[in-house]
2 protein chains.
Amino acid sequence: MSETPPPRKRDASATTEAILTAARAVFTEKGYDGAGTREIAERAQVNVALISRYFGSKEGLFAAAVPPMMTLDAVMAGEMSGFGARLAASLTQKTAKTGFDPMLALLRAASSPEAVPILRQALQAQVLRPLATRLEGPNALERAALIGALVVGFDLLTRVLGLTATTADAPDGLERTLAKSVQALVDQR
Amino acid sequence: MSETPPPRKRDASATTEAILTAARAVFTEKGYDGAGTREIAERAQVNVALISRYFGSKEGLFAAAVPPMMTLDAVMAGEMSGFGARLAASLTQKTAKTGFDPMLALLRAASSPEAVPILRQALQAQVLRPLATRLEGPNALERAALIGALVVGFDLLTRVLGLTATTADAPDGLERTLAKSVQALVDQR
DNA sequence: CCAGCAAGTCAACACCCGATTACAAAATAT
DNA sequence: ATATTTTGTAATCGGGTGTTGACTTGCTGG
């Protein structure tokens, strides 16, 4: 009967990775303020003080954990003619295969002053700029920003506020309407 | 030399109103978690305990303060053919004449579990439902929800994250692009 | 083998939060 | 004028936060 089966070998890189994974989950669920260092540490099965040791502070942990997960690579791959449909599909399916939702994390943390600069920079670099370069025609930056607004607003209404506006006669009407709006922004020129 | 010029007559309704006004400002600025009862009381020039007395709790104060300020009456008045332009204009001009931005308050408070049910109900009753009834054609509810998503996402990007995507050649390109997207959702049928 | 360093633990710190209590003062009714 | 109710005040409680420092434990190179 081993009460503590393997005493978890000492491995700095493994524990930092465990902290990062736990932090991504908790930040996504609770936002920046709502996530506590003790909770993150507990989920990572790690002592709280190690967060300060490895990341300096809670803010440092946030800066290390969240930006890397912000990427639209999956839906950006492929022809832009199907971008709206792919994006809408990736938003309406419950959770991405990774288990994390970067946009959800973004808007849950957006009200905390310390988190704002980190989120702004990550959003610019990982989402808006790459997307704008693939948009042809004028006002590419503005249209990319509006697509981002559509995505993040959609996530807010559905995932955070829990609005389910599916009428009986059109079960997936929301997804199709969303896809159409996004595609209109892509094709606009 | 009157040190305390008018000792502030005792008036329950006046103080509750002062608390409500201060609460709306602080909730809009800092969100639900970020807003402290002491700060609200201080801005209202009122003792902290009076919040508990008149509203029961911080959550009660939030429920009393925020929902009434959520209304799109101003931009909903008039022909629907100009709805997109009016909505976009009201979002891009720095602050509404009231000084409060209901959508901004919504998304700043959206990450706090206690605030979510209050916000959801207010958004449904004051914004989505009235808007949907004025939209002709199919999927009115879905289209209303998407307009809401566009509005709240736009506010998040511009006001919270501070993204200014105005390119040099198109100073108000953002507003026109936004108006076009909204109007497309209005006219779609 | 053991000194030295890295990795992890523990307890406490100083601070802020929302809510409650007991009390004083003003307004109103008797 | 006195009694009663309303309105406001002050101090405090219990709990939770991120962070720190001193300490212990395990690994590893000489």
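Lettering of chains follows the sequences in order, A, B, ..., and the numbering in each one begins at 1.
One can place CD of Gln45(B) at 17 Å from C1' of dT7(D), the figure rounded to the nearest angstrom. Atoms CD (Glu42(A)) and P (dG18(D)) sit 13 Å apart, rounded to a whole Å. Atom CZ of Arg10(B) and atom P of dT28(C) are 11 Å apart (whole Å). When the P atom of dC15(C) is taken as reference, atom CD of Glu39(B) falls 19 Å away, rounded to whole Å. One can place CG of Asn47(B) at 17 Å from P of dC23(C), the figure rounded to the nearest angstrom. Atom CD1 in Ile51(A) sits roughly 14 Å away from atom C1' in dT9(C) (whole-Å rounding). In this entry the distance linking NZ of Lys58(B) with P of dG16(D) reads 16 Å, nearest Å. Asp33(A) has its CG atom 17 Å from the P atom of dG16(D), to the nearest Å.
When the nearest nucleotides of DNA chain D are assigned to Gly34(A) and Ala12(B) by heavy-atom distance, the more 5′-ward of the two goes with Ala12(B). Toward the 5′ end of DNA chain C lies the nearest nucleotide of Leu50(A), the other residue of the pair Arg38(A) and Leu50(A) mapping further downstream.
Annotation for Glu29(B): atom CD counts as buried by contact number, over 12 foreign heavy atoms lying within 6.0 Å. Other residues, nucleotides and ligands contribute over 12 non-hydrogen atoms within 6.0 Å of the CD atom of Glu114(A).
One N or O on the side chain of Gln183(A) and one on the backbone of Met80(A) form a donor-acceptor pair closer than 3.5 Å. Formation of a donor-acceptor pair under 3.5 Å by the Arg143(B) side chain with backbone atoms of Val186(B) is found in this model.
Side-chain nitrogen and oxygen atoms of Thr37(B) include none within less than 4.0 Å of the OP1 or OP2 phosphate oxygen of dA19(C). Here Thr15(B) reaches the OP1 or OP2 of dG8(D): one of its side-chain N or O atoms lies under 4.0 Å away.
Ring pair Phe27(B)/Phe62(B) is perpendicular by interplanar angle, where above 60° counts as perpendicular and below 30° as parallel.
Contact annotation for Ala41(B): no contact, since no heavy-atom pair falls under 4.0 Å across all strands. Residue Phe55(A) is out of contact with every strand shown, counting any heavy-atom pair closer than 4.0 Å.
Side-chain atoms of Arg53(B) come within donor-acceptor range of the base of dG8(D), with a qualifying N/O pair under 3.5 Å.
Of all nucleotides listed (dT19(D), dA7(C), dT9(C)), dT19(D) comes nearest to the side chain of Ser52(A).
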